[in-house]
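Below: one structure, written as structure tokens.
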Amino acid sequence: MTGRTLVTGVIGSDTHIVGNRILTMALEAAGYRVVSLGALTPAEEFVRAAIETAADAILVSSLYGQGELDCRGFRDRCVEAGIGDILLYVGGNLVVGKQPWPEVEKRFTDMGFDRAFPPGTRTDEVIDILARDFGARAEPVRSAS
Amino acid sequence: MTGRTLVTGVIGSDTHIVGNRILTMALEAAGYRVVSLGALTPAEEFVRAAIETAADAILVSSLYGQGELDCRGFRDRCVEAGIGDILLYVGGNLVVGKQPWPEVEKRFTDMGFDRAFPPGTRTDEVIDILARDFGARAEPVRSAS
Amino acid sequence: MPGTVASLDPNPPTLPLSDAAIPGDLFARMRRDNLARWPTGARVDVEEAAAFHKTLPAHKRLPAVLRRAVAEGRCLTQPRGGFATLAMQTELMRTLDRDGMADIVPTTTDSYTRNEQFVQAQRGVEESERLGRSMLNGFPLVNYGVDACRALIAGIEKPAIVLSGTAMPKLTAEIGYAGGYTGYLGSGIAYTVSYTKETTIEEGIRNYQYVDRLAALYQEHGVELHRRQPGFLTGTIIPPSIAIMTCVLDLLLAARQGVRHYGLELGQCLHLVQDAAAIRACRELCQEYLARFGYTDVFTPVTSLHWMGAWPADEAQAAALIGYGGTLAAVGGASSVTTKSTHEAIGIPTPQANAEGLRTTRMAIHVSYGVRLDGLPAHEFEVDLIKREVRAVVDRVLEMGDGDVAVGTVRAFAAGVMDIPWSPNRQVKSRVLPARDADGCIRILDAGDMPIPRDVMEIHEEKLRRRAERERVPFDHQLAVGSVYELSEPLSRLMPAMVA
Amino acid sequence: MPGTVASLDPNPPTLPLSDAAIPGDLFARMRRDNLARWPTGARVDVEEAAAFHKTLPAHKRLPAVLRRAVAEGRCLTQPRGGFATLAMQTELMRTLDRDGMADIVPTTTDSYTRNEQFVQAQRGVEESERLGRSMLNGFPLVNYGVDACRALIAGIEKPAIVLSGTAMPKLTAEIGYAGGYTGYLGSGIAYTVSYTKETTIEEGIRNYQYVDRLAALYQEHGVELHRRQPGFLTGTIIPPSIAIMTCVLDLLLAARQGVRHYGLELGQCLHLVQDAAAIRACRELCQEYLARFGYTDVFTPVTSLHWMGAWPADEAQAAALIGYGGTLAAVGGASSVTTKSTHEAIGIPTPQANAEGLRTTRMAIHVSYGVRLDGLPAHEFEVDLIKREVRAVVDRVLEMGDGDVAVGTVRAFAAGVMDIPWSPNRQVKSRVLPARDADGCIRILDAGDMPIPRDVMEIHEEKLRRRAERERVPFDHQLAVGSVYELSEPLSRLMPAMVA
Ligand code: B12
Ligand code: B12
């Protein structure tokens, strides 16, 4: 067990649950405690769940293309809720259509996500990077509420 | 019968006979007398045949990509042989690889061909344009030697 | 949910759930309430709309076009496609019609519209106009309303269909049909289990009973409309039998409301034999159950859908699935095929890429030259296997409802007798787990609580065990997860160079 | 012909034509004369080359790779490809190996080299260097010589094959094999009838007896090499039986020279059932005739070739033929498939487009999952039909030669007993005319003087008449011409929108 808690879910009106579920399973297997909100999850629910479970990171999935609208102001919500420094990832097919990845990535990091992941990202990679980011932050492990 | 004589053939070391044969059949059906030299025909044979048969036009096929080398100096040969004003067409897959057609066309008209035809040209179109070009030239019909 | 329109209860809770046709007077009340939920609803008038439909030429009427395709043994092509603004949608539909030669032109709605979040959809339109690119994954048909739909229909020379993956179809169906669309995709079981999280199966069924009853109402006005069932479900490693169980149940529910022109959609397994078997079994089982319920006049064309699972990012690799998708549909004898593009793994395709997918598919259909696999031993084996699975479960569902399809379905999902792989819906157990076997067929690794006959499950298990052995991996649920990714893997993993 | 090297007669006219193996001492003299025809010939030394081949790892040796593919039931991929300069060719072969994942990497020679016009080929190299683009349609392998070949082989991690459509193969084969190529495509009958105008069948056979004998010489030095027959012929509406007749005859000629690893290539008809039947019939008939001649140890893998006739210019449409080409090869059980690209109708593909064609094909092979059609009634019917046609003609050819394959073949062509559609060769009657029938199969419209059994011809005729009737066109030779164009037509003609 890593002692870390993560919140996962698919934001907005998005039903694409498969990748999110597989990611969740992989994160659990990697030793995380995962609070899985499932498909069709409003932004505020992510934040609420993160506070309630004293989560260390929120991993937002968005596949259906409208993530660019759904994710706006996500970091601000966290700041308002008092968890402004929480690690925020977003991944999936983040925008409508085939657009150059560097531009898309920038749009989401500008929104305050620490990292954005392109279509088809594999779970191993997520787990590696997550471990590195937690390592770099070298924060003490929070305890669940 | 149009009273016109045409020479057809596939130039150089090119064995692609199918399109040339179908073109020849269509030209005959359209009333031309066609002297068909077949595949693998050196440039000088076209000129010789045109002189011998008092042809009104030479239709050179080149499919295999090396036409750009084989066709160089074709008009000059005609001029030297005394049939410098003969109508000259070339058609097929004239160069190696997919290249912008306007450039290819220019290369061949610069060599002295009256017209160059892109890959996949249909026989109906050739017959139409030929009739128009003969009409425009309004030359008296030559008689065979 | 913000922007959700739910102020009026559109299902007056007067009648208990059943598969009976909604009585005319009650339906009139339901429609009034429904249409009052958003301003554009006021424009809908079935009499006027029926008159409009009667002005459409036959080649723009999907029911006629599909009947003719079946009569001539043709396989029609249809893409998906929707963008946020009317201008973008107009251009898209024209491109699909002309450059793509689509036989059926789609209007996919955006996901806010699907969830009846029309306020958010409106913001999406505005943002799209501001940024000059579509910020919505489809066309907000309700926000634009009936006359915009008719303008879209006027711009094409083919029949059009509304694609709106949702369990809340009542306004899109009203506006779409009134707007001149002659087909509407969606059903109570299939979409509820694959597109929603909290919606109950009962709610989903009731909502689509409304849509089916609406189609029947048009029929009463002399206008035949096409309804269609999305048996592709979650698109994720769906065994043919599970798809077909939902086809049969949704079909019976529709027939009870008076629908007589009902298409069934099957996502491709990507296996030449299994897909052909699935299409044949679906067609035969649908008519078999219709006959059991006394219906002999329901037209049930089958549509095959290009691979609905995860796609490879490499466009050259994706092109193979597109062409093959045409082959599978045509060789299977499907009446139409729903196409994808080489952009599938990344995002909604440009109109051009979408049109290219259509043309590749069309050429593949052409060169399939009507080849059929009937008589091939492996094919007959699969048809038989699928039928045994479907009959075992559907018969059990009908028993559980004491003959009422709606009631039986709700109880069956609660008991796990009906189950759907990878469902996002909390009412679905989603314990059933499929995986691809050593021969490339989709099999059931774990049936959960579905009453698949034991001898049939032994066949599935044996074939999956062979795969596990061949690949030296454990025979466990990882096989199912691996199958989800499998076809999106790069060729270097799918088919590495041979080591001589 | 200018630039043609013909000063020394490479066939000392000592022995009359026969299918007997060329005696060792005579062959040594023939080789000496042949190698003296162009400066790079001097570098060839079979002992040294055999030693070089022995240093190649198994995965770079085509005979081993093909044996393994057959053992594992795999279908390998191979493109075509050649450019004028060593630098361009190096880059091309690496791209095909890496980006294309080609299992077999080709070197196509240019058409001057094929016609032994090495002076012209040299000019082509110089022009290409000057203009910075390839002015030749292939790599001038003889001009570059043995060490350049070895450099190309060193740059890839796959086996390499020489593709040199020619009836004059003797220098390219010497230099190719000595240069480390482990396969050489070409045969006396097939290439003479489809790539030459004046060359006699006898000359062609003699030239390839040399190449076959050369492969046997390497075998004597402990090095197995792959030889291959281009049964695709003129690539233009070739009925399977006519292709297979040439396969059997060329194979017997090769076996008589000592070849034991001989591939057969069949161009695709683009019909799922007919192509599978062709591949099976080819494999079985080859072994049947080998057995009749007492050979039980000749390895005869079959290669299927992407559509060899005229292609559509639309790349989306062409993509369907590429993917389908993988399907047809794999479902037919071919050991390898030779691929084309979306550029086919226009020109030699860029390395990238070529690699994409390979990947699309590879993915199509992957998803074919080993499906086979054996047992399908239509398939068994086609296998039987093909076998009856091949046996009737080949048996007649053998009779005409009093058991000598070479003599029989020459006489059979003279009599029109063997005939090839659309041949440019003056020695071939080319009276036989095939066309595509109503079911999409290639049939024989007019057999010319070929002794196809009457009852078989009735089947062909009936099927073609049905097409003529369906399309309301006369039953005449125009059907054959139409078939030549057919698949290059735009989709708007091939499969117009349905008129409902
Ligand atoms: C299966 C599928 C569906 C199924 C979903 C079933 C379900 N309930 O889950 C169904 C058929 C229902 C469906 C519906 C729709 N879909 Co869909 N669907 C797909 C498809 C084919 C595969 C998705 C999938 O399951 N992949 C497999 C999993 C394992 O991979 P994954 O989802 O990518 O997740 C992995 C990674 O992305 C990563 N990841 C995911 N989330 C996160 C988060 C973080 C923080 C990190 C680090 C990593 C990460 O880890 C996962 C595991 O490796 C994709 C296209 C594709 N990829 O091939 C389209 C696709 C996602 N769908 C799309 C669309 C538009 C729709 C629809 C709107 C219908 C339509 N217009 O066609 C509806 C939307 C319904 C709704 N309201 O949401 C589009 C989105 C377009 C865009 N972004 O531009 C896609 C890309 C197809 C396309 N090119 O048009 N779909
Ligand atoms: C069939 C074919 C063959 C057959 C030819 C059989 C034969 N003896 O005729 C075989 C298999 C033997 C063959 C061999 C080769 N081929 Co080839 N072949 C083709 C193919 C697939 C079809 C050609 C055809 O018959 N078309 C049907 C006829 C009816 O159409 P057509 O030839 O285009 O002719 C029509 C028009 O062009 C026009 N037309 C023709 N000539 C003229 C002349 C005039 C004046 C006018 C107005 C009109 C006109 O009218 C005709 C009737 O409508 C083409 C690609 C394609 N088009 O799909 C490649 C193609 C022509 N071949 C090609 C090549 C390179 C070769 C080879 C070198 C092998 C190789 N590297 O792959 C060898 C060459 C051998 C040699 N020494 O010549 C290339 C040429 C590339 C380039 N130009 O960049 C092509 C384009 C394929 C490709 N993309 O690589 N080939």
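The structure displayed is predicted, hence computed values, not measured ones. Chain A is the first sequence line, chain B the second, and so forth, proteins listed ahead of strands; every chain is numbered from 1.
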Polar side chain donor-acceptor pair, A/Tyr64 to C/Asp110, under 3.5 angstrom: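 Per modelled atom types, A/Tyr64 and C/Asp110 side chains form no pair under 3.5 Å.
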
Please classify the contact between [X] and chain A as side chain, backbone, both or neither, with a heavy-atom cut-off of under 4.5 Å.
X        : answer
C/Ser430 : side chain
C/Arg133 : side chain
C/Pro424 : both
C/Ser194 : backbone
C/Ser488 : both
C/Leu131 : side chain
C/Arg123 : neither
C/Ser423 : backbone

Interatomic spacing from CG in A/Asp14 to CZ in C/Arg114 - rounded to 0.5 Å: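 These two atoms lie 10.5 Å from each other.
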
Roughly how far apart are C/Ser128 OG and A/Leu69 CG, rounded to 0.5 Å?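 C/Ser128 atom OG to A/Leu69 atom CG measures 7.0 Å (nearest 0.5 Å).
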
Heavy-atom contacts under 4.5 Å, residues 15-30 of chain A to chain C: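 Hits under 4.5 Å: A/Thr15, A/Ile17, A/Val18, A/Arg21, A/Ile22, A/Met25.
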
With chain C as the partner chain, list the residues of residues 97-106 of chain A whose heavy atoms fall under 4.5 Å from it, by residue number, and write 'none' if nothing qualifies.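 The residues closer than 4.5 Å to chain C, in numerical order, are A/Gly97, A/Lys98, A/Gln99.
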
For the backbone of C/Ala345 and the side chain of A/Asn93, can you confirm whether one donor and one acceptor N or O come within less than 3.5 Å of each other?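 At least one qualifying donor-acceptor pair exists.
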
Backbone N/O of A/Thr41 and side chain of C/Lys197: donor-acceptor pair under 3.5 Å: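 Not confirmed, C/Lys197 side chain does not pair with A/Thr41 backbone.
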
Closest heavy-atom pair and its distance - A/Gln66, C/Met135: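 Residues A/Gln66 and C/Met135, closest heavy atoms: CG-O, 3.8 Å.
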
Of all heavy-atom pairs between A/Leu40 and C/Tyr195, which one has the smallest distance, and what is that distance?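 Smallest heavy-atom distance, with atoms named: CD1-O, 3.8 Å.
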
